[in-house]
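Worksheet for the structure shown next.
From a predicted model like this one, the values you see are computed outputs, not experimental measurements.
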Amino acid sequence: MRRGSIFLFDKKTEEISIVAAYGLTREEINRGKYRVGEGIVGKVIDTGLPMFIPDIEKEPQFLNKTGSRPNKRGISFLCVPIKIEDEILGVVSADRIYSDEMGEVDDDLRVLSIVASLIAQFLKLWESYKVMENENLLLKVQLKDRYNFPNLVGQSPSFQAVLKTVMKVAETDATVLLFGESGTGKELIAKTIHFQSKRVKGHFVAINCAAIPENLLEAELFGSEKGAFTGAVKRIGKFEQANAGTIFLDEVGELPLSLQPKLLRVLQERTVEPLGSSKTIKVDVRIIAATNKDLSEEIRKGTFREDLFWRLNVIPIYIPPLRDRKEDIPLLVEHYLKRFCKIYKKSVLIDEEALRMLVYYDWPGNVRELANTIERLVVMSESNKIKVYDLPDTVRGVFKIKSSFCGELKLPKEVEELERIRIMDTLPKFNYNIRKTAHALGLTERQLNYRIKKYGILIKKGVNLNDSDKLKILNQKVQEA
């Protein structure tokens with residue numbers, strides 16, 4: 001081959017131009033531009049059929065736009081389309097001088113056709129990749145907008161303090177430890193930190209340390225080689241997946257004691273060692289952890305390493321429960337009403353008395369419970385206004401029960417009744433799990449068990465007093481008092 005060129009067809013400009021060449025100068029490449037049907041190159045694009053010109057000096061359609069052939073005599077020109085199915089993407093061309101010793105034209109056309117086919121496949125793959133890359137970029141822009149500070153709703157001083165800290169730490173790579181009850185929005189805060197940081201182009205990888213069995217968690221976090229354990233396959237761990245991005249370790253307080261030294265090593269050395277492998281892999285990853293446990297208590301009990309705690313606890317952020325920031329509830333209700341009305345294409349407002357009841361309720365499930373409640377109210381609404389009778393029994397029942405004896409009982413008795421009703425309300429939400437219920441109520445397990453016995457509360461699974469039962473008991477207590 002004396003000269004060779006790859007031409008690509010631009011659908012927008014309808015121009016055919018050289019993108020790669022052999023035996024041509026940069027100036028000659030820049031001059032090699034054609035229109036569909038123009039010259040041999042344009043004709044191949046137009047027809048989709050290969051062409052062979054035995055002697056370009058004798059072919060008037062050969063235009064030599066590049067000016068690379070001052071002497072055309074004896075030069076043959078081969079040109080084949082780059083196409084996939086019926087789509088013409090460009091052409092491959094070559095200059096040859098044939099003699100008895102230099103092969104057959106058919107062989108050369110066959111080779112060029114194979115090369116053109118490979119190029120066509122590559123071009124389609126590249127096109128698909130660029131589409132996916134653009135979609136990925138758009139998604140990241142949308143996510144950045146979603147996890148922007150305006151989407152963190154709250155005007156209470158405690159929540160504003162959280163936002164102020166988030167704003168500061170987002171600019172850094174410092175390790176963050178989020179504290180707070182279940183449902184307070186720890187993952188939302190973690191995503192906001194990531195999408196407002198310089199790591200926004202990297203992945204945000206989340207893993208719940210309590211949701212994966214202990215024997216699989218190590219491979220999930222650090223990866224594994226094939227055959228590392230029974231049924232093991234080669235797996236890229238979450239830390240590798242989060243390279244150049246952020247990893248979110250949710251419920252880190254549930255991390256088994258056996259894995260804590262390995263996590264400590266990752267924090268110290270920024271390297272991971274997959275199961276079954278002897279090599280270490282460098283990772284550049286920002287770590288955000290979250291827990292709803294009192295880790296100082298876990299350290300005292302010996303279930304959490306103190307050195308790991310101090311490695312994680314570089315920037316501690318406490319997210320207050322919803323009951324401690326009642327002034328944020330109206331704003332959150334408005335925020336979720338707008339969101340779910342948009343999703344379900346409805347126009348729904350909330351009645352003032354219904355809003356008062358929502359503010360009065362303590363929301364043991366925090367913002368997650370509030371969001372689910374508003375979504376349910378929007379979906380089930382039959383009018384354009386949510387009334388008191390639309391609210392869940394949990395909200396209306398507690399409101400009625402609390403309101404029914406305010407001022408009726410002596411203060412110590414009133415406190416006991418409130419405590420009893422709160423325990424009766426919370427137990428079913430956690431399927432009568434004493435540990436989780438105690439944590440939600442801010443009690444120890446011993447304190448909760450004492451109160452259950454004191455008030456004679458049934459804790460058998462599936463047994464739950466409804467609101468009417470609670471009112472009957474309460475009325476009886478009022479009469480006794």
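- A side-chain contact (heavy atoms from CB on, under 4.5 Å) with V272 holds for exactly one of L263, V285, I281; it is I281.
- Applying the side-chain contact (heavy atoms from CB on, under 4.5 Å) test between V153 and each of V333, D328, L332 identifies L332 as the sole match.
- Nearest heavy-atom pair, K326 versus Y360, reported as atom, atom and distance to 0.1 Å: NZ-O, 3.1 Å.
- Salt-bridge formation is not detected for the pair D390/R376: no Lys NZ or Arg NE/NH1/NH2 atom is positioned less than 4.0 Å from an Asp or Glu carboxylate oxygen.
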Only pairs under 3.5 Å count here: list side-chain donor-acceptor contacts from residues 211-221, not counting sequence neighbours, and write none if there are none.
residue, atom, partner, partner atom, Å
E214, OE2, S258, OG, 3.1
E218, OE1, K262, NZ, 3.2
E218, OE2, K262, NZ, 2.3
E220, OE1, R235, NH1, 3.2

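- For K346 (side chain) and V378 (main-chain N/O), a donor-acceptor pair under 3.5 Å exists by modelled atom type.
- For A290, the side chain to side chain contact (heavy atoms under 4.5 Å, CB included) partners are L178, K186, F248, D250, not counting sequence neighbours.
- The existence of a salt bridge linking D351 and R356 is excluded, since no basic side-chain nitrogen approaches an acidic carboxylate oxygen closer than 4.0 Å.
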Report task. Start with the C-alpha distance between E87 and L89, add both sets of side-chain angles, then the distance that settles side-chain contact (heavy atoms from CB on, under 4.5 Å), and finish with yes or no. Result -> CA-CA 6 Å; E87 186 179 0; L89 305 173; 3.5 Å; yes
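- Annotation: the span from L123 atom CG to I119 atom CD1 amounts to 7.0 Å, rounded to 0.5 Å.
- Residue I287 comes nearest to L267 through the heavy atom pair CD1-CD2, 3.1 Å, listed as atom of the first residue, atom of the second, then distance.
- With rounding to the nearest 0.5 Å, the separation of OH in Y361 from CZ in R323 is 11.5 Å.
- For the atom pair S197 OG and R286 CZ, the distance stands at 6.0 Å (nearest 0.5 Å).
- Taking the six-membered ring where the residue is Trp, F239 and F222 present parallel rings, their angle staying beneath 30° rather than reaching 60°.
- Relative orientation of the F122 and W126 rings is parallel, given thresholds of 30° and 60° on the angle between their planes.
- Judged by distance alone, the side chain of Q260 and the main-chain N or O of T303 form a donor-acceptor pair under 3.5 Å.
- Side chain of R300 to backbone of S296: no donor-acceptor contact under 3.5 angstrom is found.
- Closest heavy-atom contact between I386 and V348: CG1-CG1, 3.5 Å.
- The nearest pair of heavy atoms linking Y336 to V367 is OH-CG1, 3.3 Å.
- Checking side-chain atoms of S277 against main-chain N and O of E225 turns up no donor-acceptor pair under 3.5 Å.
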